[in-house]
Structures are given as structure tokens and as C-alpha cells.
Amino acid sequence: MRLKSWAGRMHEWRGRGRRAGGVAILGALALLAGCSHSPSVRAGVMEEESVSSVGVTPVTRKPIMRQLTVSSELVPFQEIDVYAKESGYVKDLLVDYGTRVQKGQLMAVLEIPELEMLLQQDAAAIRSSTDQVTHAQHELNRVQAQHKVYHLQYDRIKGVIEARPGLVAQQEVDDAQGRDLAAEAQVEASKSALLTAQSQLDVARAKEQHDRVLFDYAQIKAPFAGVITQRYANLGTLMQAGTNSSTQAMPLVRLSQDDLFRLVIPVPESYVKYIRVGDPVQVRVPSLDKVLPGKVTRFSVDVKADTRTMHTEVDVANPSRVLITGLYAEATLMLDRKNDALVVPLQAVSQDGDRAIAFIVDADNRLEERKLTLGLQTANDAEILNGLHEGDRVVASDRSGLKAGMRVKPQLTEILQYQGDRQN
């Protein structure tokens, strides 16, 4: 019984061995069959992996403009130091820091004793000259009356001689004629004296007017409307005449016009051709968080040799007095504009020497290289004059390693926007 059981077990083990061998053979055959198809599978996987993803953006039509942004400092349209015309002591000071004045408004009064004395002397000289004129006029009237009497006497004697010759002695006739001529000479002398007296009166009046004009300079008035930004003098300060260059004259105040400001901007040489008087300018004041309108008012018609820039001024109205002298502002000038241009992002354009090129993705998702003719360019976009059409998908991502004919996987990408050209 034990021998039989051992033999049965051996038979069972042999059956199991044959079945295991068959399974192994079938597994090997299946593996060989799979290996016979692996080259094509790997080729498909490699082909799928070789398709690169590229960022694309469509060619569109939109307005395009070239702008230039320049930072500069706001300065008053007019700003002056107000000096005294004549030396004197500050008697009244009617303004201080921040005082707003109108044109012609009195700001200070000087005390000038010398001029006050001169005016008194001038008044006395005018009275004296007036009296001399009156005296000369009376003297003229007297000699004219005397001449009239002598002239009538001579005419009567002359008439008698003509009517009855020999009736009157010749000596008497000669005496009458002499008195007439002498009286006539006194009349002429009196007229001359009167003219001299009148001239002296005119001189006295002119001197008085001159001294009064100088005395009027004791009242210092505002030459234009504005605000006082500096005060240099106090009550009792001796102000030297600002007309004398040999003295260290000190100004009374500094006056700034604050209803209109200038923004002086240096325009680079490459943009000079776009600047025109009257062009609108957008003025942004960061410290006030305000944007104000301005316009190009004047510019020098030359380029500085050291900076290669042109002096350009923008006038900015300040009716509400929000602008302050010395604030920095950013002026944005509109240099050029087209309202319906065929536009592509500037980052999608490559430069190959003198050529501008771009890659587009065709309907089969393959790359095609296009030569471009560019027009207006900004910091973000470029106008396409030739080489692309509206709706073309342009590669805007990294183009290193890309070649015409390659198959790609296009994906719409977002284009970063930058501010316009900027100069400091």
C-alpha cells in the first residue's frame, strides 16, 4: 500500500511539471509576439513626444499709437524775486509766505526820507517858478501898454507931417519914432523873459514828476497775480536799490504765478520729428494721484550737443491751485497714431539682420516662416504692412529650436503689456 501511494504521487508530480512547462512556453511565445510589434509602438510614442507646444496669438486689427513718457519737474509759468527800485527802510510789509496777490496789489511800503525832502524842494521850486512867470507876464503887459502909447503918438505926428509938411519939427518926429522903437524892443524882451520863466517852471515840474515817480517806487506792487513763496525782509529792513550792481541787493519776496505751470521736458533726438505745437499731453502727478491735460506750447528748434535732446515746454493750467512748485510729473506725449492697423505683438517678431520675420501655425499645425514689413512700432505691438493677414496664428512664445515645417501644438497665450517709451 505504501508503494502504490508513492507511485501515485510521482505520477501526479509529472503531470504538474508538464502543465507548468506548457504555461512557460505559452508565456514565452506571447512575449515574442509582443516584441514583434514594439518598434511601431515606440515610433508612435516618440512622434507624439516630438510635437512641441507653442504659445500663439492671433493677428488683429486695432488702434495703435506711439507714446513717449518723460518725467520732469513742475515750475511756475513765471517766478521772480521782487527788488526795491530805490533804497529805503521797510515801513509796511503786507504779505507773507503763501499770500496770494493780484496784479498791482500793494505788497510793501518803504520809508525814503531823502525823496520826501526832494518832493518838498520841488514843490517850493514850482511855486517860485510860477511867481516868476506871473511877474514876467505882468511886465510884458506893462511894456505892451507903454509901447501902444508911444506907437500912437508917432502915428499922429507922422500923419500931421504928411498932411502939412513943416508944421512939426523933424526933431520931434525923430523923438517920437525913437520912443516907439524902444517900447517895441522892451515888448520883445519881456516876451523872452516870460518864455524863460515858463521854461523854468516846466523844468521844476518835470523834476517834481521825476522825484514823485521815484517816490512811488516806495510802494512795491505785484507785477502779476500769484503767490508769495519766499519772504526775505522784515519790518525795518534796509532795502538796497536793485538797480545798483555794486551793492548786494536783497529781494523783498519771491512771487510765483500759480494758475499756470510749465513742464520742461527733454525730447530725445529720435522723437523730435513728432513734436508739434498744440499737441495734447497727458500730465500725471503721482504724489497727488491726479492726471491733468496739457499741451505742447513751445520748443527750441535745436538739439543740444551734450544731451542730444530738444528743450520742449508743456503748459499745464492750474485753475484750482492743486499743483505746487517742485512736484514731479510724468508727461505722456502722443507721437503717432493709426486707428485701424493690422497689429501683432512685438514679442512675436524676430530680427534676422535687416529682416523682420515671424512664425505662424497653419491649418495643419505646422510652422511657416513669414517675412514681414513693419510700420508703426510701440513698446507692445508692431504694425504689419506686409507678410501677415488678419486671423493668422503667430508664435509669441520662445522660438529657439523652431524650424519651418515642424509640427507643433498651438496654445493661446496671454501677452504681457508694457508702458510706452519712457525717458527720465
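Quick note: residue numbers are just sequence positions, from 1.
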request  = Check for a donor-acceptor pair, side chain of E330 on one end and backbone N or O of R284 on the other, with a separation under 3.5 Å.
outcome  = no
ask   = Does R205 pair with E208 as a salt bridge, N-O distance under 4.0 Å?
value = no
query = Of all residues at least two apart in sequence or in a different chain, which pass the salt bridge (Lys or Arg N to Asp or Glu O under 4.0 Å) check with D180?
reply = none
task = Give me the one residue out of Q146, Q153, H147, K148 that meets side chain to side chain donor-acceptor pair (under 3.5 Å) with Y150.
result = Q146
query = Any side-chain heavy atom of M107 within less than 4.5 Å of one from L94?
reply = no
key: D398 side chain to S400 backbone, donor-acceptor under 3.5 Å   = yes
query = Is it true that a side-chain atom of S128 and a backbone atom of A124 form a donor plus acceptor pair closer than 3.5 Å?
reply = no
task = State whether R276 and D279 are salt-bridged, where the test is any N-O pair (Lys NZ or Arg NE/NH1/NH2 against Asp/Glu carboxylate O) under 4.0 Å.
result = no
ask   = Distance-only, no hydrogens or angles: does the R407 side chain make a donor-acceptor pair with backbone N or O of G405 under 3.5 Å?
value = no
note = CG of D336 to CD of E383, rounded to nearest 0.5 Å, is 8.5 Å
Close side-chain approach of K85 to L110, heavy-atom, < 4.5 Å = no
message = Is there a side-chain contact between L140 and V187 in this structure, where contact means two heavy atoms from C-beta onward sitting under 4.5 Å apart?
response = yes
query = According to the side chain to side chain donor-acceptor pair (under 3.5 Å) rule, which pairs have a member within residues 190-199, sequence neighbours left out?
reply = none
key: ring pair (Phe, Tyr, Trp, His ring centres under 6.0 Å) involving H311 - partner list, sequence neighbours excluded   = none
query = Do the non-hydrogen side-chain atoms of S287 and I324 ever get within less than 4.5 Å of each other?
reply = no
key: Any donor-acceptor pair under 3.5 Å from R308 side chain to D306 backbone   = no
task = Please check if the side chain of T312 supplies one atom and the backbone of F299 the other of a donor-acceptor pair under 3.5 Å.
result = no
task = Decide yes or no on salt bridge (Lys or Arg N to Asp or Glu O under 4.0 Å) for D315 and R298, but give the supporting numbers first.
result = CA-CA 9 Å; D315 284 357; R298 63 196 70 82; 3.1 Å; yes
